Amino acid sequence: AEADGSMMERDRLAASPPVGFAEGGFTEIGPANAPIIYGKAGAILHMVRCFIGNERFSAGVQRFLEAKSFKSATTDEFLALFGEGAGGEIADVLERWIRTPGFPVVSVTRNSSTLELTQSRFLLGDKKDTAKRPIPLTVQFLDVDGSFSTKSLLFDGSEMSLEAPEHAAFKINAEQAGLYRVAYDKTSFANLTDTYSQWGVSDRTGIISDYNARHFQGTVSLEEVHE
């Protein structure tokens, strides 16, 4: 299911804080940042669990609990211990999401059997942020025969290309497990709306939610849905 809406509304502002602070730093938690400190932290963990699977995720949590049962722990200690159980590369993904404010939007343009992807921070207004996050990307394809297939990969960089079945509709962020928005080119979005009833509830909700968020941002108009 999609991350908490109030958290994403706060986190789309340029001044939003990161989830974690440098060791020794502190902040007062109040209504302005509580959705990010608590809600975003949970959303990041949920995204990582869906990406690596319950077994690896549970191994990371178990390693942490074994070492820190009934004890306090710093963020760095959690990341190190979680990485020992789940894999060091996943701990690096977690750390970069925890330390970096905001969340990304993945923009996609289809070119025949290739999807061209770019990422940037999702922000209101005309502000820009070049920070990149390692995005646990899940892409679902809906073939003409009604069958589904999924690709999962880590999108770590400014842009990338992904092979896709030529005649299949596709949706990025399967079941809205990831903490990011998606911006489709017009043809790809039209294919999504044409096959809307065939997607699951979470995915149908995500299609609407992503579009509404971009409409509020001012990058698309509601009239485009009806074109």
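In what follows, every heavy atom counts, from backbone to side chain, and hydrogens, waters and symmetry copies are set aside. Along the sequence shown, residues carry numbers from 1. Just so it is clear, the structure is predicted and the values come from calculations on it, not from any experiment.
No more than 12 heavy-atom neighbours from other residues, nucleotides or ligands sit within 6.0 angstrom of OH on Tyr38.
With hydrogens and angles left out, the side-chain atoms of Thr114 and Asn111 include no donor and acceptor closer than 3.5 Å. Checked by atom type, the side-chain pair Asp76/Thr74 shows no donor-acceptor distance below 3.5 Å.
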**Study point:** Stepwise side chain to side chain contact (heavy atoms under 4.5 Å, CB included) test for Phe57 and Leu45
**Key:** CA-CA 9 Å; Phe57 187 84; Leu45 290 172; 4.2 Å; yes
Practice item. Please lay out, stage by stage, how Glu166 and Ser112 fare under the test side chain to side chain contact (heavy atoms under 4.5 Å, CB included). Key: CA-CA 6 Å; Glu166 189 167 353; Ser112 186; 3.4 Å; yes
Point to revise | Test side chain to side chain contact (heavy atoms under 4.5 Å, CB included) applied to Leu117 and Leu137, step by step | key: CA-CA 11 Å; Leu117 309 176; Leu137 204 69; 3.5 Å; yes
Exercise for review: For side chain to side chain contact (heavy atoms under 4.5 Å, CB included), just list the numbers for Asp203 and Glu175, CA-CA rounded to whole Å, side-chain angles, deciding distance to a tenth of an Å, and then say yes or no.
Suggested key: CA-CA 5 Å; Asp203 289 312; Glu175 298 186 357; 4.2 Å; yes
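Taking 4.5 Å as the limit, every side-chain heavy atom of Val106 sits out of range of all side-chain heavy atoms of Arg181. Between Val108 and Phe170, the closest side-chain pair of non-hydrogen atoms falls below 4.5 Å. Between Asp11 and Met8, the closest side-chain pair of non-hydrogen atoms is not below 4.5 Å. Looking only at side-chain heavy atoms (C-beta outward), Tyr180 and Val182 come within less than 4.5 Å of each other. Side-chain contact check for Tyr196 versus Ile208: some heavy-atom pair is nearer than 4.5 Å. Ser16 places a side-chain heavy atom less than 4.5 Å from the side chain of Ile36. Within the 4.5 Å cutoff, the side chain of Tyr184 has heavy atoms near those of the Ile172 side chain. A 4.5 Å side-chain heavy-atom check between Met160 and Leu153 finds at least one atom pair inside the cut-off.
Taking every heavy atom of both residues into account, Gly102 and Lys40 meet most closely at O-NZ, 2.7 Å. Nearest heavy-atom pair, Phe148 versus Leu142, reported as atom, atom and distance to 0.1 Å: CZ-CD1, 3.6 Å.
Phe216 belongs to a hydrophobic cluster whose remaining members, ordered by chain and number, are Leu13, Leu124; membership requires side-chain heavy atoms of ILVMFWY residues under 4.5 Å apart, directly or through intermediates.
A salt bridge does not link Arg12 to Asp129: none of the charged nitrogens lies less than 4.0 Å from a carboxylate oxygen.
Among residues at least two apart or in separate chains, salt bridge (Lys or Arg N to Asp or Glu O under 4.0 Å) pairs with a member in residues 54-73 are Arg56-Glu89, Arg63-Glu84, Lys68-Glu77.
At distances below 3.5 Å, at least one donor-acceptor pair connects side-chain atoms of Thr195 with backbone N or O atoms of Asn191.
The CD atom of Glu116 sits 11.0 Å away from atom CG of Asp185, with the distance rounded to the nearest 0.5 Å. In this structure, Gln198 CD and Arg204 CZ are separated by 10.5 Å, a value rounded to the nearest 0.5 Å.
With ring centers used as reference points, Phe82 lies 6.0 Å or more from Phe64.
For Phe51, the ring pair (Phe, Tyr, Trp, His ring centres under 6.0 Å) criterion is met by no residue, not counting sequence neighbours.
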